[in-house]
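Report on the structure given below.
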Amino acid sequence: MKLSVTTWNINSVRLRSDQVRQFLENERPDILCLQETKCPDDKFPFKELKSFGYPFITNVGQKGYNGVAILSKYPFSSTQVMSMCERMDARHIAITLAPEAKQAAGITIHNFYVPAGGDIPDAVLNPKFAHKLQFLAEMRAWGERNRKLGAPGILVGDLNIAPLEHDVWSHKKLLDVVSHTPLETETLETLRQEAGWVDGMRHLRPEPEKIYSWWSYRSPDWAAADKGRRLDHIWLTEDLAPVLKSMHVTKETRGWERPSDHAPVTAILEL
DNA sequence: ATGGTTGGAATCCAA
């Protein structure tokens, strides 16, 4: 069987629920992980999203900021929410697929939304950058514990870091820009490798191919300028790497009217 | 060197 998983920072699920519908109609992934839903739990559009053919939904939200959700065609046997940095921030949610998901049963899918980190890449001058580093430190500690469980897993999300040289439009120009500083990129690569995750996109499409999933709203002609960054990731435990068949970015959505600044990233596995 | 845009909530903050 095929299992397809998409991650998409939607930047307001209520404003863009019709774009979610259009994307799901076009691609029909089995699982859709959303970040930045920006929606308190009592206003989350469960019914509407279910009507798109995804009867199993889990969500953790908050008013105005953050928020993560997972839509699934298959039932899950458990859900999990981690509180990071001792805050109530809704930045993680996970599911484990139930027996009805057949060969995919038992796979856990973690959906993360890493803090953006503000503008100044200095933890002393900028508390938001300090928060990002603390979040990464907690992800590292969690990743090591998680690896010892030895369970098959997929980690997706807006990690707000473009780790490799060809994950940004200009490596040199972005070395001092939050999301591509050596401190961030090295920290992310180290925690990924320590926890045994394979970067799905680069596993199939190694450098020097340029791959982006985000284009700033501030660029007047984002498509022509193409000053993108690969901030959205799908990582797999090593046992799942051999069954990863394809990875793609749906750049089309970035050209839709009133788009999210992030495009969906999808992995297709053959289990 | 600077400012550029967006969403949500409240007249600014986070991205």
Checklist entry - A:Y65 OH to B:dA15 P: how many Å, rounded? => result 8 Å
Next on the checklist: If I pick the C1' atom on B:dT11 and the same atom on B:dG7, what distance separates them, to the nearest angstrom?
Outcome noted: 15 Å
Checklist entry - Distance check: side-chain N/O of A:R16 vs OP1/OP2 of B:dT6, anything under 4.0 Å? => result no
Next on the checklist: Whether the A:E138 and A:H92 side chains hold a donor-acceptor pair (N or O, under 3.5 Å, no angle test) is what I'd like checked.
Outcome noted: no
Next on the checklist: If the cut-off is 4.0 Å, is A:R258 near the phosphate of B:dG7, judged by side-chain N/O to OP1 or OP2?
Outcome noted: yes
Checklist outcome for this item: note: A:D158, atom CG; B:dA14, atom P; distance rounded to Å ~ 17 Å
Item to check | Donor-acceptor side-chain pairing of A:D41 and A:N59 below 3.5 angstrom | outcome: yes
Checklist entry - Expressed in angstrom and rounded to an integer, what is the separation of A:E36 atom CD from B:dG7 atom P? => result 11 Å
Item to check | Spacing between A:W256 atom CH2 and B:dT6 atom C1', to the nearest angstrom | outcome: 18 Å
Checklist entry - Who passes side-chain hydrogen bond (donor to acceptor under 3.5 Å, both in side chains) against A:W256, sequence neighbours left out? => result A:E252
Checklist entry - Starting at CG of A:N66 and ending at P of B:dA9, how long is that distance when rounded to a whole Å? => result 12 Å
Next on the checklist: Using atom C1' in both nucleotides, what's the gap between B:dG3 and B:dA15 to the nearest angstrom?
Outcome noted: 16 Å
Which protein N or O atoms sit under 3.5 Å from an N or O of nucleotides 2-5 of chain B?
unit_1, atom_1, unit_2, atom_2, d
B:dG4, O6, A:R218, NH1, 2.9
B:dG4, N1, A:R218, NH1, 3.1
B:dT5, O4', A:Y217, O, 3.1
B:dT5, N3, A:R218, NE, 3.4
B:dT5, O4, A:R218, NH2, 3.4

Next on the checklist: Out of the candidates A:D158, A:N111, A:N160, only one should pair with A:Q35 under the side-chain hydrogen bond (donor to acceptor under 3.5 Å, both in side chains) rule; please name it.
Outcome noted: A:N111
Checklist entry - Is a side-chain N or O of A:Y217 found less than 3.5 angstrom from the main chain of A:P259, in a donor-acceptor match? => result yes
Next on the checklist: Does A:R254 reach a base, just sugar-phosphate, or nothing at all? Heavy atoms under 4.0 Å.
Outcome noted: nothing
Next on the checklist: Distance check needed: B:dG7 P versus A:K43 NZ, whole Å only.
Outcome noted: 18 Å
Checklist entry - Rounded to whole angstroms, how far apart are CD on A:Q35 and C1' on B:dT6? => result 17 Å
Checklist entry - Which of residues 112-129 of chain A sit near DNA chain B, with a heavy atom under 4.0 Å from it? => result A:Y113, A:A116, A:K128
Checklist entry - Please give, in whole Å, the distance from B:dT6 P to A:W222 CH2? => result 14 Å
